[in-house]
Amino acid sequence: SRSIFSLTILSQISLYSYQLCFALTFEPPIIDIAPLRFPESYSPQRVIEATLQIHQACQQWGFFNVINHGIQESIQERVFHETKQLFNSSTAVKNSIRRQPNNSRGYDDNEFTKQLKDAKELFDMGQKVYSNLSVKATQNQLLDGENYWPSTEALPNFRSTVEEFYDECTKLSALLLKVILSNLNCSAVENIPQQFIQHTSFLRLNYYPIIEIPETELSTNNENCSLDAFNESTCQQHQPQRLPFGVSRHTDSGVLTVLMQGEQDGLEVYSGSKEDRNDGHWVPVPPVPGGLTINTGDMLQVWSNDLYQAAEHRVRASRDRVRYSAPFFYNPSYDTLVTPLTCYDELSIQDDNVSNEESDKTAIKKTPHYRSIRWGDFRASRFAGDYADVGKDIQIEDFRII
């Protein structure tokens with residue numbers, strides 16, 4: 001069968017000139033990935049177009065929506081049903097599966113993002129123990145802890161539904177990562193899928209309750225602090241009681257995230273690099289019916305040597321509607337050493353038509369921007385900051401060379 005991901009096919013086109021066919025978008029795009037799932041049913045042109053649409057979205061936004069992704073709406077509906085059942089459960093049920101400082105799985109209502117408490121409740125579950133390996137094998141030493149499940153008496157269908165969705169998200173993530181890596185034009189990417197054989201991904205169920213703060217208590221003379229145009233750093237200084245964020249601005253620590261949003265909006269992505277640099281603005285990412293939202297994470301930024309930026313994003317709280325979501329975080333094995341791939345432009349280097357100026361840019365791109373990062377160590381440090389305010393969170397900038 002025809003492979004859409006071989007470097008041979010991509011080397012037959014100029015990635016940089018072909019991108020000109022796609023105009024920059026004013027919001028994260030919606031991409032039909034049916035040609036990527038069933039390449040034998042589509043023309044090579046359609047397959048290449050879908051591949052490059054993802055490439056451009058990863059470069060410009062670090063966010064995009066996918067349709068025809070293969071996860072049936074019936075599964076999505078069942079997941080949201082079980083999610084609502086869980087968060088509507090009694091305190092006793094929730095406390096029976098509450099996560100601990102040494103176990104990141106389970107229920108929690110006290111998570112921090114960038115030293116700010118989130119206005120949400122959550123439930124996390126992760127990869128299962130690998131039954132084909134010894135219990136003493138490295139892959140079975142669960143750094144994130146073990147899964148906690150509510151009793152079947154309380155929620156009889158919860159575990160099976162959540163595990164089914166977890167498996168579906170794993171398959172979709174593997175496909176998307178393969179597509180994204182194919183755009184790097186680097187033979188070294190062939191080794192990366194091996195780092196996901198014993199992946200350490202986890203699925204989160206989120207519940208954002210209504211925040212009951214009267215409008216009068218939110219009033220301010222600073223126009224930047226209106227409910228429709230909210231700037232975190234400015235409003236923290238001028239507003240004694242502000243509407244908290246469901247999740248404060250952050251980047252995801254792993255490779256990529258598959259998000260099922262539900263019906264309520266609230267998710268926003270920063271159009272620039274980081275809000276601290278004041279080089280962009282916040283853009284809503286509304287849910288797409290039946291679709292899924294994808295965003296790139298820190299480890300993909302390191303692997304791509306800054307070609308793909310981990311997108312800074314946040315979730316705004318609401319005073320009138322609850323919000324549910326289910327993000328799946330696709331992560332490699334704990335032992336994976338994430339090292340910048342510095343050959344994604346090797347095809348351009350071999351092109352006789354490349355100017356001296358472009359060659360200089362290529363040389364800069366080929367210099368590693370980061371020291372290698374062991375994923376397990378990075379994940380453990382980031383979780384410590386999620387569980388409590390332990391000061392500045394670890395960031396990939398801490399590993400930056402240039």
Side-chain angles (χ1 to χ4, degrees), residues 5 54 58 62 104-105 124-133 137-147 163 165-184 186-204 250-259 294-311 327-344 368-386 393-400:
F5 307 111
I54 290 178
C58 289
S104 69
R105 315 286 179 80
D124 285 349
M125 61 82 66
Q127 86 283 4
K128 310 165 192 173
V129 173
Y130 295 96
S131 58
N132 60 319
L133 300 175
T138 301
Q139 294 86 347
N140 279 336
Q141 304 307 303
L142 301 181
L143 179 68
D144 291 349
E146 61 180 296
N147 290 329
E163 287 186 334
F165 184 65
Y166 180 95
D167 291 340
E168 291 294 317
C169 287
T170 300
K171 291 186 287 187
L172 175 60
S173 298
L175 171 65
L176 291 172
L177 181 60
K178 197 171 185 180
V179 173
I180 291 169
L181 293 176
S182 73
N183 279 318
L184 298 183
C186 181
S187 58
V189 302
E190 297 174 1
N191 299 321
I192 291 180
Q194 299 175 20
Q195 309 303 323
F196 290 82
I197 295 175
Q198 279 88 38
H199 66 97
T200 60
S201 310
F202 69 97
L203 173 67
R204 168 167 293 179
H250 67 285
T251 59
D252 290 346
S253 59
V255 176
L256 61 84
T257 303
V258 174
L259 171 67
I294 313 299
N295 68 270
T296 55
D298 290 337
M299 294 302 102
L300 187 56
Q301 179 170 334
V302 173
W303 257 328
S304 70
N305 206 32
D306 286 333
L307 178 65
Y308 300 139
Q309 298 287 318
F328 172 84
F329 302 95
Y330 193 49
N331 302 323
S333 67
Y334 295 128
D335 290 334
T336 296
L337 200 62
V338 181
T339 302
L341 298 172
T342 57
C343 56
Y344 61 77
H369 295 180
Y370 301 91
R371 292 180 283 114
S372 297
I373 301 173
R374 183 179 178 273
W375 164 245
D377 295 338
F378 191 85
R379 163 62 182 154
S381 297
R382 183 66 70 89
F383 172 64
D386 291 344
D393 291 336
I394 189 172
Q395 304 291 337
I396 57 174
E397 282 73 17
D398 299 328
F399 298 83
R400 182 174 285 279

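Heavy atoms only: backbone and side chains are in, while hydrogens, waters and symmetry mates are out.
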Nearest heavy-atom approach of Trp303 to Thr339 is CD1-O, 3.2 Å
- Query: Is it true that Phe328 and Phe165 have ring centroids separated by less than 6.0 Å?
  - Reply: no
> Would a 4.5 Å heavy-atom cut-off, applied to side chains only, mark Val302 and Phe399 as touching?
Replying inline: no
Report task. Answer yes if the side chains of Ser333 and Thr336 hold a donor-acceptor pair under 3.5 Å, and no otherwise. Result -> yes
All heavy atoms of Pro332 vs all of Trp375, minimum pair found to be O-CD1, 3.4 Å
Is a side-chain donor or acceptor of Tyr166 paired with a backbone partner of Gln127 at a separation under 3.5 angstrom? yes
Distance col, row Ser182:OG vs Ile54:CD1, nearest 0.5 angstrom, shows 8.5 Å
Rounding to 0.5 Å, atoms OH (Tyr330) and CG (Asp252) come to a distance of 15.5 Å
Practice problem: Could you go through the side chain to side chain contact (heavy atoms under 4.5 Å, CB included) check for Arg379 and Phe202 one step at a time? | Solution: CA-CA 12 Å; Arg379 163 62 182 154; Phe202 69 97; 3.9 Å; yes
Would the distance check show the side chain of Gln309 and the main-chain N or O of Asp306 forming a donor-acceptor pair, the cut-off being under 3.5 Å?
yes
Give the C-alpha distance, both sets of side-chain angles, the deciding distance and a yes or no for side chain to side chain contact (heavy atoms under 4.5 Å, CB included) between His369 and Gln301. CA-CA 10 Å; His369 295 180; Gln301 179 170 334; over 6 Å; no
> Please walk me through it: do Leu307 and Asn305 pass side chain to side chain contact (heavy atoms under 4.5 Å, CB included)?
Replying inline: CA-CA 6 Å; Leu307 178 65; Asn305 206 32; over 6 Å; no
Gln395 and Phe378 have their tightest heavy-atom pair at C-CE1, 3.9 Å
If we count only N and O atoms by modelled type, under 3.5 Å, do the side chains of Asp298 and Thr251 hold a donor and an acceptor together? yes
Check for a donor-acceptor pair, side chain of Ser253 on one end and backbone N or O of Gly297 on the other, with a separation under 3.5 Å.
-> no
Interatomic distance, SG@Cys58 vs CG@Leu300, rounded to 0.5 Å, equals 6.5 Å
Open item on the list: Between Asp335 and Gly376 (side chain of the first, backbone of the second, donor and acceptor by atom type, cut-off under 3.5 Å), is there such a pair?
Closed with: no
Side chains of Ser304 and Leu184, heavy atoms from C-beta outward: is any pair under 4.5 Å?
yes
Exercise. Report the C-alpha distance between Tyr370 and Ile396 in whole Å, list the side-chain angles of each, state the deciding distance to 0.1 Å, and finish with yes or no for side chain to side chain contact (heavy atoms under 4.5 Å, CB included).
Key: CA-CA 8 Å; Tyr370 301 91; Ile396 57 174; 3.9 Å; yes
So OG1 of Thr170 and CG of Leu203: to nearest 0.5 Å the spacing works out to 9.0 Å
| message | Tell me if a side-chain donor or acceptor on Ser201 pairs with a main-chain N or O of Asn331 at a distance below 3.5 Å. | response | yes
Heavy-atom closest pair (Gly126 atom, Asn147 atom, distance to 0.1 Å) is N-OD1, 2.8 Å
Inset, instruction - Measure the shortest side-chain to side-chain distance between Val255 and Phe196 over non-hydrogen atoms and say whether it is less than 4.5 angstrom. - result: yes
